[in-house]
Amino acid sequence: MGFTYHLPTRHNPFGDDVIEWEQSEMIYFTEEKKNMKILIATEKPFAKKAVDGMTEILAGAGYEVVRLEKYTEPEELIAAVADVDGLIIRSDKVTAEVLDAAKNLKVVVRAGAGYDNVNLAAASAKDVAVMNTPGQNSNAVAELALGMMIYMSRNKFTPGTGFELQGKTVGIHAYGNVGRLVARKAKALGMNVIAYDPFVTDRALFDNDGVEPVGSVEELYAASDYLSLHIPATEQTKKSIGYKLLMSMPKGATLVNTARKEVIDEVGLEAAMMERTDLKYITDIAPDDNSTMAALFGARFFATPKKMGAETAEANINAGLAAARQVVGYLERGENRFQVNKKPCDCK
């Protein structure tokens, strides 16, 4: 397949003129690019339309595209990365072993917002840039969060008197891309919206959405009929949502988790739900103690069979195309806006 490749403009550091590329340099860079290979590795494959679009972007830029789909063993990924320069994944685990095997790897793009499935420290140590595609799945996750609230408020669609969301207070824990969309959709349903995010310091972001920021996580939970959880799994947040916060919630409150299971203290959650028979928990990430919780709490608990936040055709396509564009942007122009690990210069 033919391709065009435009070398970046090279300016003279000692003047205003442009330094022309020598013929030998042009041959070197274009030949090097011809040999670059990008792997799309997805245990849970992208939709065909997404794969076709990604291939068009990558092959059109001159890269060889290879795919590893529906694999079942980590060793298959380890073997597949041996000679690739770029890697696009979904929830696939990029471990230190994978990175050790990828001798030519320069960039990994996780098609989605979360990136805790990539060993960032190992990637940084090998000068491999790791990126995510924030915002591409946000609407799908936000719609799921609201759907979960409705599902639990209507007794999981079983006969009986339920509740309306209008007039209830929803708390947004972390006001990022997903949290903002949940807030806007909840406002459209007539809900009162409050939020807590210590990293959002611009009050205008809340004011523009008609959202009331609160000063602490404790205040957020104590005032929320529905709590929509969007915090990442970090050393600071793991098991941070437990007994004390849940016990402070209003009567009949529901915790909605479309974030990560690791942020939940499952022992504390179970204790609170045992003591408070009005509390409800619905999650897009099945807890470790899923079967026990289902047996114990019946109509007050629900976990999706598998993570479904990004499982829409639109999100699948958007995230895949964004990942392909980011690979090209990084390899050709050094674009690293969404890089989530240390830059190579910090690791030397």
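Counting non-hydrogen atoms of neighbouring residues, nucleotides and ligands closer than 6.0 angstrom, the OH atom of Y115 reaches no more than 12 such neighbours.
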Where do T234 and T237 land on the side chain to side chain donor-acceptor pair (under 3.5 Å) test, with the steps shown first? CA-CA 5 Å; T234 67; T237 64; 3.2 Å; yes
V109 vs T133, test: side-chain contact (heavy atoms from CB on, under 4.5 Å). Steps then yes/no.
CA-CA 8 Å; V109 180; T133 60; 3.9 Å; yes
Could you give me the CA-CA distance, side-chain angles and deciding distance for T283 and M148, then say whether side-chain contact (heavy atoms from CB on, under 4.5 Å) is met? CA-CA 8 Å; T283 176; M148 286 177 154; 5.8 Å; no
Check the pair E76, K93 against salt bridge (charged side-chain N to carboxylate O under 4.0 Å, His left out), reporting the backbone distance first and the verdict last. CA-CA 12 Å; E76 295 177 72; K93 296 186 183 300; over 6 Å; no
inquiry  = Evaluate Y221 against H173 for ring pair (Phe, Tyr, Trp, His ring centres under 6.0 Å), listing each step before the verdict.
reply    = CA-CA 9 Å; Y221 280 71; H173 192 170; 5.6 Å; yes
For D284 and T304, what are the C-alpha separation, side-chain angles and deciding distance, and is it a side chain to side chain donor-acceptor pair (under 3.5 Å)? CA-CA 5 Å; D284 187 34; T304 56; 2.9 Å; yes
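Residues Y196 and V214 share a closest heavy-atom pair of CD1-O, 3.4 Å. When every heavy atom of V128 is checked against every heavy atom of V108, the shortest pair comes out as CG1-CG2, 3.9 Å. Between A140 and A315, the shortest heavy-atom distance links the atoms CB-CB, 3.9 Å. Pairing each heavy atom of A286 with each of A303, the nearest pair is CA-CB, 3.9 Å.
The salt bridge (Lys or Arg N to Asp or Glu O under 4.0 Å) contacts involving residues 175-193 comprise R184-D209, where partners must be two or more places apart or lie in separate chains. Screening residues 150-164 for salt bridge (Lys or Arg N to Asp or Glu O under 4.0 Å) gives no qualifying pairs among residues at least two apart or on separate chains. Contacts classified as salt bridge (Lys or Arg N to Asp or Glu O under 4.0 Å) and involving residues 131-145 (residues at least two apart or in different chains) are not found. Residues in residues 133-163 take part in these ring pair (Phe, Tyr, Trp, His ring centres under 6.0 Å) pairs, two or more places apart or across chains: Y151-F157, Y151-F302.
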Distance-only donor-acceptor hits, side chain of residues 243-250, under 3.5 Å, sequence neighbours excluded:
unit_1 : atom_1 : unit_2 : atom_2 : d
Y243   : OH     : E275   : OE1    : 2.8
Y243   : OH     : E275   : OE2    : 3.3
S248   : OG     : L245   : O      : 2.6

Would you list the atom pairs, donor with acceptor, under 3.5 Å between side chains in residues 288-296 and any protein atom, with sequence neighbours excluded?
unit_1 : atom_1 : unit_2 : atom_2 : d
D288   : OD1    : K261   : NZ     : 2.7
D289   : OD1    : T292   : OG1    : 2.9

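Side-chain contact check for I38 versus L87: every heavy-atom pair is 4.5 Å or farther apart. Using a 4.5 Å cut-off on side-chain heavy atoms (C-beta onward), L255 and I241 make contact. Between S153 and K280, every side-chain heavy-atom pair lies at or beyond the 4.5 Å cut-off. Residues V94 and N117 have side chains not in contact (no heavy-atom distance under 4.5 Å, counting atoms from C-beta outward). A heavy-atom distance below 4.5 Å is not found between the side chains of V211 and I172. Counting only heavy atoms from C-beta outward, the side chains of N336 and Q326 never approach each other to under 4.5 Å. Using a 4.5 Å heavy-atom cutoff, the side chains of P74 and T95 are not in contact. Two residues are said to be in side-chain contact when any heavy atoms from C-beta on lie closer than 4.5 Å; I40 and M54 meet this criterion.
Summarising the geometry, atom CG belonging to L165 is positioned 10.0 Å from atom CG belonging to D225; distances are rounded to the nearest 0.5 Å. Rounded to the nearest 0.5 Å, atoms OH (Y226) and CG (L146) are 11.0 Å apart. We find the CZ-CG distance between R90 and N316 to be 4.5 Å, quoted to the nearest 0.5 Å. Summarising the geometry, atom OH belonging to Y71 is positioned 3.5 Å from atom CG belonging to D92; distances are rounded to the nearest 0.5 Å.
Taken together through direct or relayed side-chain contacts under 4.5 Å among Ile, Leu, Val, Met, Phe, Trp and Tyr, L321 and Y330 form part of one hydrophobic cluster. Clustering ILVMFWY residues whenever any of their side-chain heavy atoms sit less than 4.5 angstrom apart, transitively, puts V118 in the very cluster that holds V84. Linking ILVMFWY residues whenever their side-chain heavy atoms come closer than 4.5 Å, directly or via other members, places L144 and V170 in the same cluster.
Applying the salt bridge (charged side-chain N to carboxylate O under 4.0 Å, His left out) criterion to D197, with sequence neighbours excluded, gives no partner residue. Applying the salt bridge (charged side-chain N to carboxylate O under 4.0 Å, His left out) criterion to R276, with sequence neighbours excluded, gives D278. Remark: R260 pairs with D116 by the salt bridge (charged side-chain N to carboxylate O under 4.0 Å, His left out) rule, at least two apart or across chains. Shown here are the side chain to side chain contact (heavy atoms under 4.5 Å, CB included) partners of A96, two or more places apart in sequence or in another chain: N119, A122. Residues passing the salt bridge (charged side-chain N to carboxylate O under 4.0 Å, His left out) test with K238 are E235, sequence neighbours excluded. With sequence neighbours excluded, the residues satisfying side chain to side chain contact (heavy atoms under 4.5 Å, CB included) with S91 are R110.
Between the side chains of Y281 and N257, a donor-acceptor pair is found at a separation under 3.5 Å.
A salt bridge links E212 to R203: at least one charged side-chain nitrogen sits closer than 4.0 Å to a carboxylate oxygen. The residues D83 and K103 are annotated as not salt-bridged, no charged nitrogen and carboxylate oxygen being separated by less than 4.0 angstrom.
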